[in-house]
Amino acid sequence: MRLRLTTSASLIALLATPAFAQTSPPTDGDAIVVTAQKREQNLQDVPIAITAVSGQALRDQRIRTIDEIGTQVSNTQIYQDKGGSQPNWTIRGVSLFDFNVNNSPSTSIFIDDVYQPSTVLGAGGIFDLQRVEVLKGPQAGLYGRNSVGGAVQIISHEPKPGDTDGYVNVDYGSWNRYRIEAAQSLSLGENTAFRLSVLNDGSFGGGWQKSLAGGRKWGEPDRLAVRGLLRSEIGPLTAKLKVFYARDKSDTVLATASGAYSPTGPDFCDALLAGRLDQANCLTLAQSIDPSLAGAGAQSKDGKRVLSQGENRLNNEELSATLNLSADLGGVTITSITGLTRFDFGFAFDYDASQLNLGGWTEQAGLRNFNQELRIASSSSGAFRWQGGVVYTNYRFNEFKEFNWTDNPLLFDTFNPIFGVDYQDLFLDVTYNQKTRYWGIYGQFDYDITPELTFSGSVRYSDEKTTYRNGRTGFRKITSFPAPGGIDLIPVGDIDRDYKLGDHWTGSATLSYRPTDTATLYTTISRGYKSGGVPGGFPQTPEDTLPYGEEFVLNFEGGFKTEWLDRTLQVNGSVFYYDHDDIQAFTTLPSTLTPGQFAFRLTNIGNGYNFGAELQVVARPARGLRLAASVGYLKAKITDSDKVFFSLDNQVIPWEGQRLDYAPTWSGILSASYRAELSAGRSLTFAGDYNFRSRLRFGQTAVDEALRGVPGYGVANGRITLADESGWSLAVWGKNLFEKAYITDAGNDGVGSFY
């Protein structure tokens with residue numbers, strides 16, 4: 001497959017060479033046309049807080065995966081659990097506080113108008129896109145369920161009849177990494193065009209991390225993807241067929257083990273009790289079991305040298321197809337969007353981050369998704385504009401996951417008397433099948449009260465049901481060699497659960513005012529929900545699978561979008577307040593299987609608020625010079641809850657009064673670029689950016705802060721590009737130029753190890 005894709009890229013390069021001069025110049029993200037309201041509009045005219053990044057800007061900035069887009073958007077974090085297998089969008093502090101694959105995200109992701117029902121479906125490579133749009137705030141009127149944080153549209157570059165454009169990008173960089181990205185449009189007659197896009201993201205050997213447990217290098221990407229998009233125009237009918245294949249077997253990040261235990265006993269060490277890590281003198285759980293093992297101090301502070309076993313990797317494969325049919329019937333346009341996705345998810349992660357098998361997690365899941373939307377819309381002209389539609393999705397999910405505890409004598413002493421489990425049988429398995437059916441009907445309209453004043457409204461009725469069947473948790477005997485899902489000892493089994501949406505109505509109302517053609521003021525009230533469901537973790541009792549309810553956000557927002565000084569200065573801003581109800585999060589309970597440790601149960605913990613503001617400024621003070629700054633302020637807090645959780649040192653903590661995780665008080669991006677025109681049609685561009693966020697997570701006690709706290713950080717990137725008008729360019733670029741070492745996650749495996 002690698003050879004075929006590389007060959008395809010070479011062929012595309014040959015085909016594309018004479019067409020480079022026809023490629024349109026880069027489009028600035030602040031002057032882009034968006035489809036945030038399912039019709040084409042200038043970004044500055046849309047009364048929604050939006051960040052849009054063009055496909056050209058994505059290539060220029062070397063944004064390779066969807067999670068990297070979060071670094072370009074204020075008040076937005078993309079939390080990477082389990083080393084990066086599940087990017088979790090957190091917009092304005094609204095987050096998915098669960099990292100099991102069966103749960104729905106809190107920000108809805110759409111790829112070419114098709115909803116992606118799981119976080120793992122948004123983890124693929126970014127290549128040959130028209131643009132990415134990030135919409136902030138509840139978008140449940142037009143976008144439906146699970147858009148309490150916002151909605152993200154990923155839009156592929158599509159050909160049009162007559163197009164012959166194409167490109168090839170070849171990157172080579174640190175740790176022998178390479179990336180080949182290429183695309184070519186071909187005109188197939190007067191009314192039809194086809195575009196082929198390929199991606200090969202890999203390495204010639206040598207990752208950025210070294211596993212002291214295995215001695216090998218780790219961190220190699222291994223992604224292959226192909227997209228074919230056919231577009232045909234037959235009279236009033238436009239048909240677009242996309243077929244997409246991707247495979248990802250990349251290494252994911254190896255965690256760094258945290259020393260926590262005293263050398264003289266089973267308790268936490270003195271440094272930890274004082275609120276700090278002492279990697280040189282405090283023991284890992286593995287070291288306390290086997291004193292001959294290297295300790296946490298053998299690791300490097302920047303994560304390049306770790307104790308983790310080299311096993312953290314993905315094993316994903318996707319095959320999907322989308323058919324978009326649109327008929328322009330004069331006064332109205334009818335659109336049908338059909339999507340089919342088959343996604344096989346696999347990953348492994350060493351949760352104890354040590355040389356022993358104390359908490360190794362492996363998972364295999366099959367995701368099958370069918371999506372059908374039928375939409376009818378009026379003309380974009382006229383004082384009254386409207387659209388409406390119906391949506392149906394059928395999502396099936398089959399899960400097998402396993403925890404490997406085979407080197408943990410403490411658990412053997414616990415489980416052997418109860419279950420008769422031998423050392424080699426300390427594999428805890430979970431299996432279940434889940435099915436979700438959703439249908440909804442929506443409508444949206446814009447009415448120009450005056451030429452300057454417009455009222456917009458949207459409403460949606462949703463119906464959703466999830467069934468969880470054949471839930472089983474238990475140990476399996478190695479000697480019996482069962483197939484995945486075979487369980488011999490079942491402490492929890494034969495679990496069937498049902499969840500049904502209880503509150504069906506969502507929508508928005510917006511009043512926008514355009515005093516001039518360079519200014520838009522707006523105020524919005526919007527309501528969105530995130531689906532409830534059935535917890536997909538490792539249940540220790542049947543109660544751990546009890547369904548949780550949906551959560552809601554009621555958003556009050558005001559904003560402005562303005563341009564000044566002959567459109568050389570752009571200033572946009574917004575202020576928002578969320579009334580956040582029935583927030584879904586983990587509460588912790590004493591474990592029934594592992595005394596002294598904790599079980600995590602997903603539930604609705606209570607109500608809270610999210611308050612914040614955003615400001616974006618873009619200036620072009622001189623020819624070729626572009627300066628931009630974006631900053632976000634956020635305060636997200638639980639105000640009403642009767643639930644509690646436990647800190648890592650066994651202290652009972654009320655949820656009421658707590659800050660939400662991954663909702664930093666401050667975040668932002670600073671960027672600058674200067675393009676100098678040289679002789680002979682060449683130009684030289686200097687560009688750099690700095691993205692930052694304040695503290696992402698606070699510990700509740702001194703021990704909790706040392707083991708769970710995630711400080712803020714900032715990262716600087718830069719590039720220099722020499723380009724010729726004939727189409728070629730040469731760039732030198734660097735990410736994290738000052739080699740900032742920063743933490744993305746800190747936690748524990750639930751059975752005594754910390755990372």
Would you find a donor on one side and an acceptor on the other, under 3.5 Å apart, between the side chain of [X] and the backbone of [Y]?
X: Y690; Y: A716; result: no
X: Q153; Y: A151; result: no
X: R131; Y: V33; result: yes
X: E550; Y: G502; result: yes
X: T518; Y: T516; result: no
X: R460; Y: G141; result: yes
X: S54; Y: A57; result: yes
X: N604; Y: Y548; result: no

Side chains of [X] and [Y], donor plus acceptor under 3.5 Å:
X: Q372; Y: S336; answer: yes
X: D446; Y: S456; answer: yes
X: S508; Y: S458; answer: yes
X: T341; Y: N369; answer: no
X: S673; Y: R626; answer: no
X: T436; Y: T466; answer: yes
X: R693; Y: T71; answer: no
X: E373; Y: Y115; answer: no
X: S531; Y: N146; answer: yes
X: S526; Y: T524; answer: no

Between Y609 and Y577, does the side-chain contact (heavy atoms from CB on, under 4.5 Å) criterion hold? Intermediate values first, please. CA-CA 7 Å; Y609 70 85; Y577 178 86; 3.5 Å; yes
Salt bridge check: are [X] and [Y] linked by an N-O gap of less than 4.0 Å?
X: K136; Y: E557; answer: no
X: E181; Y: R64; answer: no
X: R527; Y: D503; answer: yes
X: D448; Y: R385; answer: yes
X: R92; Y: E614; answer: yes
X: R227; Y: E158; answer: no
X: D745; Y: R708; answer: no
X: D45; Y: R514; answer: yes

Close side-chain approach of [X] to [Y], heavy-atom, < 4.5 Å:
X: T335; Y: N324; answer: yes
X: V715; Y: Y713; answer: yes
X: S118; Y: Y395; answer: yes
X: F586; Y: F645; answer: no
X: T90; Y: I78; answer: no
X: L58; Y: V132; answer: yes
X: K735; Y: R719; answer: no

Given I583, which partner from the list I605, V94, D640, N607 fulfils the side-chain contact (heavy atoms from CB on, under 4.5 Å) test?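 Single side-chain contact (heavy atoms from CB on, under 4.5 Å) partner of I583 among I605, V94, D640, N607: I605.
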Stepwise side-chain contact (heavy atoms from CB on, under 4.5 Å) check, H580 with E551: CA-CA 8 Å; H580 202 172; E551 69 174 74; 2.8 Å; yes
Contacts of type side-chain hydrogen bond (donor to acceptor under 3.5 Å, both in side chains), residue S462, not counting sequence neighbours: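 S462: side-chain hydrogen bond (donor to acceptor under 3.5 Å, both in side chains) contacts with Y438.
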Between [X] and [Y], which heavy-atom pair has the shortest distance, and what is it?
X: A746; Y: G709; result: CB-O, 4.1 Å
X: W655; Y: S641; result: CB-OG, 3.4 Å
X: P621; Y: L627; result: CG-CD1, 4.2 Å
X: L634; Y: P664; result: CB-O, 3.5 Å
X: T562; Y: N572; result: N-OD1, 3.3 Å
X: I376; Y: W386; result: O-CZ3, 3.7 Å

Test log, rule side chain to side chain donor-acceptor pair (under 3.5 Å), inputs T119 and N88: CA-CA 6 Å; T119 55; N88 173 25; over 6 Å; no
Classify the angle between the aromatic ring planes of [X] and [Y] as parallel (below 30°), tilted (30 to 60°) or perpendicular (above 60°).
X: Y633; Y: F611; value: perpendicular
X: F576; Y: Y578; value: tilted
X: F345; Y: F343; value: parallel

Cation-pi check for F698 against R695: NZ or CZ below 6.0 Å from the six-membered ring centre and within 45 degrees of the axis, yes or no?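 Yes, R695 sits over the ring of F698.
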Does R697 count as lying over the ring of Y662, i.e. NZ or CZ under 6.0 Å from the six-ring centre, within 45 degrees of the axis?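 Judged by the rule (NZ or CZ under 6.0 Å from the ring centre, within 45° of its axis), R697 is not positioned above Y662.
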Verify the neighbour count for atom NZ of K637: are there more than 12 heavy atoms of other residues, nucleotides or ligands below 6.0 Å?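 No, the 6.0 Å shell around NZ holds no more than 12 heavy atoms from other groups.
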Apply side chain to side chain donor-acceptor pair (under 3.5 Å) to the pair Q584 and K530, showing each step before the final yes or no. CA-CA 9 Å; Q584 299 169 7; K530 181 194 172 301; 2.8 Å; yes
Not counting sequence neighbours, which residues clear side chain to side chain contact (heavy atoms under 4.5 Å, CB included) with Y447? List them please.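 F384, F445, I449.
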Residues two or more places apart in sequence or in another chain: which of them pass side chain to side chain contact (heavy atoms under 4.5 Å, CB included) with V46?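 Only V34, A36, Q37, Q41, I48, I50, K561 meet the side chain to side chain contact (heavy atoms under 4.5 Å, CB included) criterion with V46.
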